[in-house]
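Lettering of chains follows the sequences in order, A, B, ..., and the numbering in each one begins at 1.
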Amino acid sequence: MKVSQLFGRTSKTEGSDYKSASHRLLTQAGYIRESTAGRYFFLPLGERVQNNIITVVRKHMESIGAQEVLLPTLHPLDLWRETNRTTTTGFELMKITDRRGGEFALGGTAEEMAVDVVRKFNVSYKDLPFSIYQFSMKFRDEMRARGGLLRVREFIMKDAYSFGTEEQFKATYQAYWDAYKAIFEELGMKVDVVAADNGYIGGEYCHEFVAESEEGESRYFIDEKSGYAAHEDVAKFKVDDKNVTEELKELQEVDAERGTTMEDGVKLHNLPLWQQTKDVLFFDEATKRYILALIRGDFDVNETKLMQAAGAWDLRPATAEEIRDDLGSEPGFISPVGFPKKGAASGHTVVLVGDSSLRTVRNMYGGNNKLNKDLLNINIDRDYKLDIEADIALAQPGFISPDGGVLVEKRGIEVGNIFQLGFHYSNLMHDAEYTNDKGTREKYYMGCYGIGIGRTLAAIVEAHHDDRGIIWPESIAPYKVYLAHLGEDETVMQTAHQLYEDLTRAGVAVLYDDRTDTRAGEKFADADLLGLPYRVVVSAKTLANQQVEVKKRTESDIQLTDQKSVIKMVAGS
RNA sequence: CGGGGUGUGGCGCAGUUGGUAGCGCGCAGCGUUCGGGACGCUGAGGUCGGAGGUUCAAGUCCUCUCACCCCGACCA
């Protein structure tokens with residue numbers, strides 16, 4: 001490709017609106033251009049990179065036997081109703097109606113569609129396990145797009161769906177895990193594999209592939225020693241025992257003229273924070289229940305864990321009015337002891353969910369559901385009973401991991417994930433069944449596996465750039481070589497042209513800067529900005545010794561060599 | 001959805017107390033230059049986000065509206 005003919009151009013000036021390096025560099029170098037918020041034009045250079053990433057991903061998908069398909073973009077809304085996901089998805093579903101009034105969702109993920117196509121066939125156990133996957137545009141009506149390609153409303157995703165038996169699943173999951181590791185390694189990325197929350201996808205466990213970056217929105221914890229890695233939503237930690245040997249003392253109400261914070265309680269009673277009860281009241285709009293979360297005073301409630309434990313979907317904090325008028329308690333003085341089982345006015349049930357850490361403390365203190373009254377010596381099981389006991393604690397940096405090391409907080413870009421779906425979809429959708437060896441029908445055990453192509457592209461730039469521009473890994477660079485001639489000397493131009501043709505013939509993708517009206521400085525600046533792995537320069541200066549110069553984008557030293565060697569150097573690597 | 005901000009040639013911006021739109025980059029042409037974003041001259045390109053209003057006169061004032069950015073809420 002000749003620069004003189006390339007659509008899209010580099011720009012010297014940059015805006016001030018760019019928050020992330022990838023957004024600025026990709027725009028400035030002419031890889032992408034913004035359309036509206038969260039929607040981007042991929043210009044020829046950007047599309048080449050995207051396609052190169054797709055090629056790498058496809059190679060590894062094929063290597064584990066997944067088969068590429070293409071599912072419709074418009075999903076019949078009835079399918080989403082079948083799994084109840086018209087209301088439970090985390091992203092806002094975009095809907096469309098056709099001229100007959102048929103309702104469709106613009107695909108944001110395609111579990112239902114994958115199941116739907118599979119159940120159109122009479123599959124035998126002999127066909128299992130198998131996977132289908134696709135590269136397709138996904139639509140998500142994100143509340144807020146940001147960071148260029150990092151969070152968008154339309155993007156190409158590789159999504160794969162596996163079908164098999166429960167026994168087969170582990171191996172399938174592992175195969176994807178390994179394939180993903182190989183993919184990101186080939187793309188020149190360092191990723192952490194992090195245990196995460198399934199959210200609206202369903203299923204019991206999943207892992208995110210996260211590229212560590214300041215720009216990332218995923219916060220997670222790592223135990224560097226053992227390799228334990230978990231998203232903050234699900235991170236576990238070791239809870240230390242406190243005064244577990246202390247005698248149980250008698251429950252006692254005391255006057256407590258204090259403020260409503262934990263701090264106020266500590267001051268008033270002159271007792272440690274960990275001995276205080278922390279009572280947080282939520283209301284789940286999805287199931288119309290109050291959820292009272294109870295935890296040791298020095299910990300915080302992890303809402304994701306809480307939702308999992310309580311089977312809730314749509315939590316919000318309870319209002320002061322609800323606490324007082326419906327439940328007869330008092331904000332800041334909530335206590336599990338004698339807390340009502342349902343709202344007096346509303347009739348909504350109350351679910352009492354307690355963290356396991358409550359078992360590490362005795363004789364706790366806290367409110368008594370009345371203004372300025374506290375209880376001393378509250379003890380679990382004796383004074384109150386939990387409806388659900390679970391781990392609902394939020395991990396913090398410095399906590400001890402389940403493996404004994406220290407949890408370190410990290411931030412990253414989630415570029416891929418693998419989900420165990422289990423029977424989630426085959427339970428919700430009819431006929432999601434194959435015929436087993438006894439001739440009877442059995443439900444599929446499923447998994448799904450995604451990689452955001454555009455986000456991966458951006459994450460690569462985040463990790464590979466300097467103050468002059470992008471530094472592409474060779475595996476996905478839009479072109480391998482940036483070839484330029486300096487000046488308009490006849491011989492120089494001819495030599496450069498010849499080199500362009502020779503390299504191209506040798507199978508090397510070359511971007512040839514054939515511009516005659518452009519000075520050296522501009523060509524060098526563009527070469528750095530575009531970030532191709534090799535820069536080859538032909539000029540009168542080099543040609544005086546029958547040489548051309550070669551420079552790697554990753555290195556600062558320049559090599560002089562003859563034309564034939566250039567082809568070998570560049571094509572060989 | 002709440003708070004803050006911005007919309008003026010392709011990009012970055014200026015435009016005062018209202019008086020009929022400008023600068024830099026880029027683009028096109030000519031010339032001089034030519035190894036880290038040169039210079040001179042000439043030229044093309046804007047219904048000032050949109051609608052309504054006030055006024056003799058609106059980029060500027062008022063009302064409404066849309067889009068975009070940042071923070072938060074939320075979240076593959």
Side-chain angles (χ1 to χ4, degrees), chain A residues 7-20 23-24 27-28 30 33-39 88-93 107-111 138-159 196-201 206 208-210 216-219 231-233 303-304 307 313-317 413-419 448-456 468-469 484-489 492 513 515-529 535 537-544 548-549 551 556 558 560:
Chain A
F7 174 63
R9 62 178 67 249
T10 58
S11 145
K12 192 165 65 171
T13 50
E14 56 183 80
S16 49
D17 269 352
Y18 302 116
K19 191 93 187 358
S20 69
H23 189 194
R24 178 176 65 79
T27 305
Q28 209 182 329
R33 190 66 179 261
E34 191 170 43
S35 167
T36 57
R39 300 176 211 281
T88 59
T89 49
F91 56 89
E92 198 66 28
L93 207 55
T109 173
E111 286 76 15
K138 295 292 182 291
F139 299 85
R140 298 188 178 182
D141 199 359
E142 296 285 345
M143 292 193 179
R144 197 176 139 207
R146 74 183 90 188
L149 297 182
L150 288 173
R151 184 169 211 88
V152 294
R153 298 198 166 99
E154 253 186 70
F155 61 98
I156 292 182
M157 175 159 108
K158 188 283 302 177
D159 47 326
D197 178 56
N198 295 45
Y200 59 84
I201 299 271
C206 72
E208 291 179 357
F209 287 70
V210 184
E217 297 181 85
S218 283
R219 215 190 291 270
H231 198 276
E232 68 171 344
D233 290 343
E303 290 190 30
T304 305
M307 287 197 282
W313 271 112
D314 191 8
L315 282 190
R316 62 163 173 81
I413 302 162
E414 182 193 347
V415 286
N417 53 24
I418 54 180
F419 286 89
C448 74
Y449 318 86
I451 292 179
I453 303 299
R455 184 181 279 186
T456 298
R468 290 185 161 167
H485 70 252
L486 302 186
E488 291 176 60
D489 179 273
V492 168
D513 194 343
R515 292 175 294 181
T516 52
D517 54 353
T518 308
R519 293 154 60 91
E522 189 169 346
K523 291 190 174 186
F524 289 137
D526 276 351
D528 291 337
L529 182 59
R535 187 186 80 191
V537 173
V538 182
S539 73
K541 203 169 95 184
T542 63
L543 229 44
V548 298
E549 74 177 47
K551 180 187 165 298
S556 54
I558 293 169
L560 288 164

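Nucleotide B/C74 holds its P atom 13 Å from the CZ atom of A/Arg219, rounded to whole Å. One interatomic measurement links the two molecules: CZ of A/Arg515 to P of B/G36, which rounds to 16 Å at whole-angstrom precision. Between the P atom of B/A28 and the CG atom of A/Asp517 lies a distance of 7 Å, rounded to the nearest Å. Across the protein-nucleic acid pair, A/Phe155 atom CZ and B/C75 atom C1' stand 12 Å apart, rounded to whole Å. In this structure, the NZ atom of A/Lys551 is 14 Å from the P atom of B/G36, given to the nearest Å. Taking atom NZ of residue A/Lys12 and atom C1' of nucleotide B/C25, one finds them 6 Å apart after rounding to whole Å. Following rounding to the nearest Å, A/Glu303 (CD) and B/C74 (C1') show an atom-to-atom distance of 11 Å. For A/Leu315 and B/A73, the CG to P distance is 15 Å, given to the nearest whole Å.
Rounded to a whole angstrom, the distance from the C1' atom of B/C13 to that of B/C30 is 29 Å. The P atoms of B/G49 and B/U8 are separated by 6 Å, rounded to the nearest whole Å. Nucleotides B/G18 and B/U55 place their C1' atoms 9 Å apart, quoted to the nearest Å. Between B/C62 and B/U6, the distance separating the two P atoms is 14 Å to the nearest Å. Using atom P as the reference point in both B/G72 and B/A57, the two lie 47 Å apart (nearest Å). Using atom P as the reference point in both B/C64 and B/C56, the two lie 24 Å apart (nearest Å). Of the P atoms belonging to B/G29 and B/G12, the separation is 25 Å, rounded to the nearest Å. Rounded to whole Å, the separation between the P atoms of B/G5 and B/A58 comes to 28 Å.
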Under 3.5 Å, which N/O atoms of the protein pair with N/O atoms of nucleotides 66-69 of chain B?
{"unit_1": "B/C68", "atom_1": "OP1", "unit_2": "A/Ala37", "atom_2": "N", "d": "3.1"}

Distances for protein N or O near nucleotides 29-33 of chain B N or O, under 3.5 Å:
{"unit_1": "B/U33", "atom_1": "O2", "unit_2": "A/Arg519", "atom_2": "NH1", "d": "2.7"}

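Counting only heavy atoms from C-beta outward, the side chains of A/Glu217 and A/Arg151 approach each other to under 4.5 Å. Taking 4.5 Å as the limit, some side-chain heavy atom of A/His485 sits within range of a side-chain heavy atom of A/Lys523. Residues A/Glu208 and A/His231 form a side-chain contact, since some pair of their non-hydrogen atoms from C-beta on lies under 4.5 Å apart. Looking at heavy atoms from C-beta onward, A/Arg146 lies out of side-chain contact with A/Val152 at the 4.5 angstrom threshold. Using a 4.5 Å cut-off on side-chain heavy atoms (C-beta onward), A/Phe209 and A/Thr456 make no contact.
Shortest non-hydrogen contact noted between A/Val537 and A/Thr542 is O-OG1, 4.2 Å. Heavy atoms only, all atoms of each residue included: A/Arg153 and A/Ala145 are closest at NH2-N, 3.7 Å. Residues A/Gly216 and A/Ile413 share a closest heavy-atom pair of CA-CG1, 3.7 Å. Looking at every heavy atom in both residues, A/Val492 comes nearest to A/Val538 through CG1-O, 3.6 Å.
Within 4.0 Å (heavy atoms only), A/Gly452 reaches at least one base atom of the nucleic acid. When heavy atoms are screened at a 4.0 angstrom cut-off, A/Thr542 is found touching base atoms of the nucleic acid.
Of all nucleotides present, none satisfies the Watson-Crick or G-U wobble test against B/U47 with each distance under 3.5 Å. Judged by Watson-Crick or G-U wobble contacts below 3.5 Å, the nucleotide B/C75 has no partner. Using N1 to N3 plus N6-O4 or O6-N4 for Watson-Crick, or N1-O2 and O6-N3 for G-U wobble, each under 3.5 Å, B/U54 pairs with nothing. Pair assignment for B/G40 gives B/C30, based on Watson-Crick or G-U wobble hydrogen-bonding distances that are each under 3.5 Å. Pairing for B/A14 is absent, with no Watson-Crick or G-U wobble pair whose two atom distances lie under 3.5 Å. Pairing for B/U6 goes to B/A67, judged as Watson-Crick or G-U wobble with the two contacts each under 3.5 Å.
Remark on RNA chain B: of its neighbouring residues A/Val538 and A/Met157, the 5'-side contact belongs to A/Val538, judged by nearest-heavy-atom nucleotide. Looking at which nucleotide of RNA chain B each of A/Glu549 and A/Glu414 is closest to, the 5′-most match is held by A/Glu549.
Among the nucleotides B/A73, B/G36, B/G10, the one closest to any side-chain atom of A/Met143 is B/A73. Between B/G36, B/C75, B/C11, one nucleotide has an atom nearer to the side chain of A/Phe524 than all others, and that is B/G36. For A/Arg9, taking side-chain heavy atoms from C-beta onward, the closest of the listed nucleotides B/C11, B/G26, B/G36 is B/G26.
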Please step through side chain to side chain donor-acceptor pair (under 3.5 Å) for the pair A/Thr109 and A/Glu111, ending with a clear verdict. CA-CA 6 Å; A/Thr109 173; A/Glu111 286 76 15; 2.7 Å; yes

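For the salt bridge (charged side-chain N to carboxylate O under 4.0 Å, His left out) criterion with A/Asp526, the lone passing option out of A/Arg535, A/Arg515, A/Arg9, A/Arg519 is A/Arg515.
The CD atom of A/Gln28 lies 7.5 Å from the OH atom of A/Tyr18; values are rounded to the nearest 0.5 Å.
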